[in-house]
Q: 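I am attaching a structure below and will ask some questions about it afterwards.
Numbered from 1 within each chain, the chains take letters A, B, ... in sequence-line order.
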Amino acid sequence: EVHLEDSGGGLVKPGGSLRLSCETSGFMFVTHYMAWVRQIPGKGLEWVSTISTSSSYEYYADSVKGRFSISRDNPKGSVFLQMNSLRAEDTGVYYCARINRFGVVYFDYWGPGTPVTVSS
Amino acid sequence: NFILTQPLSVSGSPGKTVTISCTRSSGNIADDYVQWYQQRPGNAPTPVIYEDNKRPSGVPDRFSGSIDSSSNSASLIISGLKTDDEADYYCQSYDRTNRGIFGGGTKLTVL
């Protein structure tokens, strides 16, 4: 059974940093692109970042480019999101998600989400 | 880049059929697959339609998807409405740089 468990969220001051983690199991991690998607309170979903299978390619939303960094550890089946220079508008629930197959951005499995609050 | 526009809300009675639209602002809707996700309060989204009209395992055939090039839009059709279908629904596509693009979401109320 495919399982994603995201963690690492919390309360941080503006300008601070957080590192989110996503542990996976139940599938061949090394063959899937992985992504982070966030949801601002009371708002819709926003794609944040995607990483390729071998970490050769990283993609970022304009709103986080230069501040966030995605990475993965294939032997451990984990994906990470390093978030620096955090702003109030980064507050929300962050979900890690598996991308079903190369060439089609379809998020077929999601973690339960980890909340991030940026506030002084 | 393009945006996906959804109605803020739709409603229907139990047993009836509702359609949620998702209009692409530029480029052809048929160029890139459209997915649909259901999100209940406090939960992560779960897919109900992928690649325009395919259903993930476990999703009932009351859920169907289609695209219409003439209106440049995708649709999620839910027939035989159940109170359990009440949720937010999001369409999603992507661009040529692998960026995910979500619609703003539609709140479905089952009256």
Q: Spell out, yes or no, whether A:Y59 and A:Y106 are grouped together once hydrophobic residues are joined by side-chain heavy atoms under 4.5 Å, including indirect joins.
A: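 Per the 4.5 Å side-chain linkage, A:Y59 and A:Y106 are co-clustered.
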Q: At a heavy-atom distance under 4.5 Å, which candidate from A:Q39, A:E46, A:K43 has the highest pair count against chain B?
A: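 Answer, by heavy-atom pair count under 4.5 Å with chain B: A:Q39.
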Q: If you tally heavy-atom pairs under 4.5 Å against chain B, which of A:V105, A:V93, A:V48 wins?
A: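 Result: the option with the highest number of such pairs is A:V105.
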Q: Check each atom of B:D88 against the heavy atoms of chain A and say whether the ones under 4.5 Å are side chain, backbone, both or neither.
A: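 The answer is neither part of B:D88.
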Q: Tell me, side chain or backbone of A:V37 under 4.5 Å from chain B's heavy atoms, or both, or neither?
A: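 Contact with chain B: side chain only.
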Q: Looking at every non-hydrogen atom in both residues, tell me the closest pair between B:I78 and B:L108 and how far apart they are.
A: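 So the minimum-distance heavy-atom pair works out to CD1-CD2, 3.8 Å.
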Q: Between A:F107 and chain B, which part of the residue has a heavy atom less than 4.5 Å away: side chain, backbone, both or neither?
A: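 When you check distances to chain B, atoms from both the backbone and side chain of A:F107 fall under 4.5 Å.
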Q: Between B:Y33 and B:Y50, is the gap from one ring center to the other below 6.0 Å?
A: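 No, they do not, as the ring centres are separated by 6.0 Å or more.
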Q: Cation-pi check for B:F2 against B:R24: NZ or CZ below 6.0 Å from the six-membered ring centre and within 45 degrees of the axis, yes or no?
A: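 Because its charged atom sits under 6.0 Å from the ring centre and within 45° of the axis, B:R24 does stack over B:F2.
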Q: Identify which part of A:A35 has an atom lying under 4.5 Å from any heavy atom of chain B, answering side chain, backbone, both or neither.
A: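 No part of it gets close to chain B.
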Q: Output yes when a side-chain donor or acceptor of A:R19 lies under 3.5 Å from a complementary backbone atom of A:Q82, and no otherwise.
A: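 Side chain of A:R19 to backbone of A:Q82, a donor-acceptor pair under 3.5 Å: no, none is there.
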Q: Could you tell me if B:R55 sits above the aromatic ring of B:F63, with its cationic atom closer than 6.0 Å to the ring centre and no more than 45 degrees from the axis?
A: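 Relative to the ring axis of B:F63, which defines the angle, B:R55 lies outside at least one limit.
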Q: B:Q92, B:R99, B:Q35: which one forms the most heavy-atom pairs within less than 4.5 Å of chain A?
A: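 So the answer, after comparing B:Q92, B:R99, B:Q35, is B:R99.
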Q: Which bit of B:P47 comes within less than 4.5 Å of chain A, counting heavy atoms only: side chain, backbone, both or neither?
A: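 Answer is side chain: those atoms of B:P47 sit under 4.5 Å from chain A.
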Q: For each of A:T50, A:N100, A:V104, tally heavy-atom pairs with chain B at distances under 4.5 Å, and name the one with the top tally.
A: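 Ranked by contacts with chain B, first place is A:V104.
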Q: Answer with yes or no whether the side chains of A:H3 and A:E1 bring together a donor and an acceptor at under 3.5 Å.
A: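 Note: A:E1 and A:H3 side chains miss the donor-acceptor criterion.
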Q: Would the distance check show the side chain of B:N72 and the main-chain N or O of B:S25 forming a donor-acceptor pair, the cut-off being under 3.5 Å?
A: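 No, the answer is negative, given that no donor and acceptor are paired below the 3.5 Å cut-off.
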Q: Sort out for me which of B:S93, B:G103, B:G42, B:P45 touches chain A most, counting heavy-atom pairs under 4.5 Å.
A: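 Most heavy-atom pairs within the cutoff with chain A belong to B:P45.
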Q: Given heavy-atom pairs under 4.5 angstrom as the criterion, report whether the side chain, backbone, both or neither of A:D62 touches chain B.
A: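 Contact with chain B is through both the backbone and side chain of A:D62.
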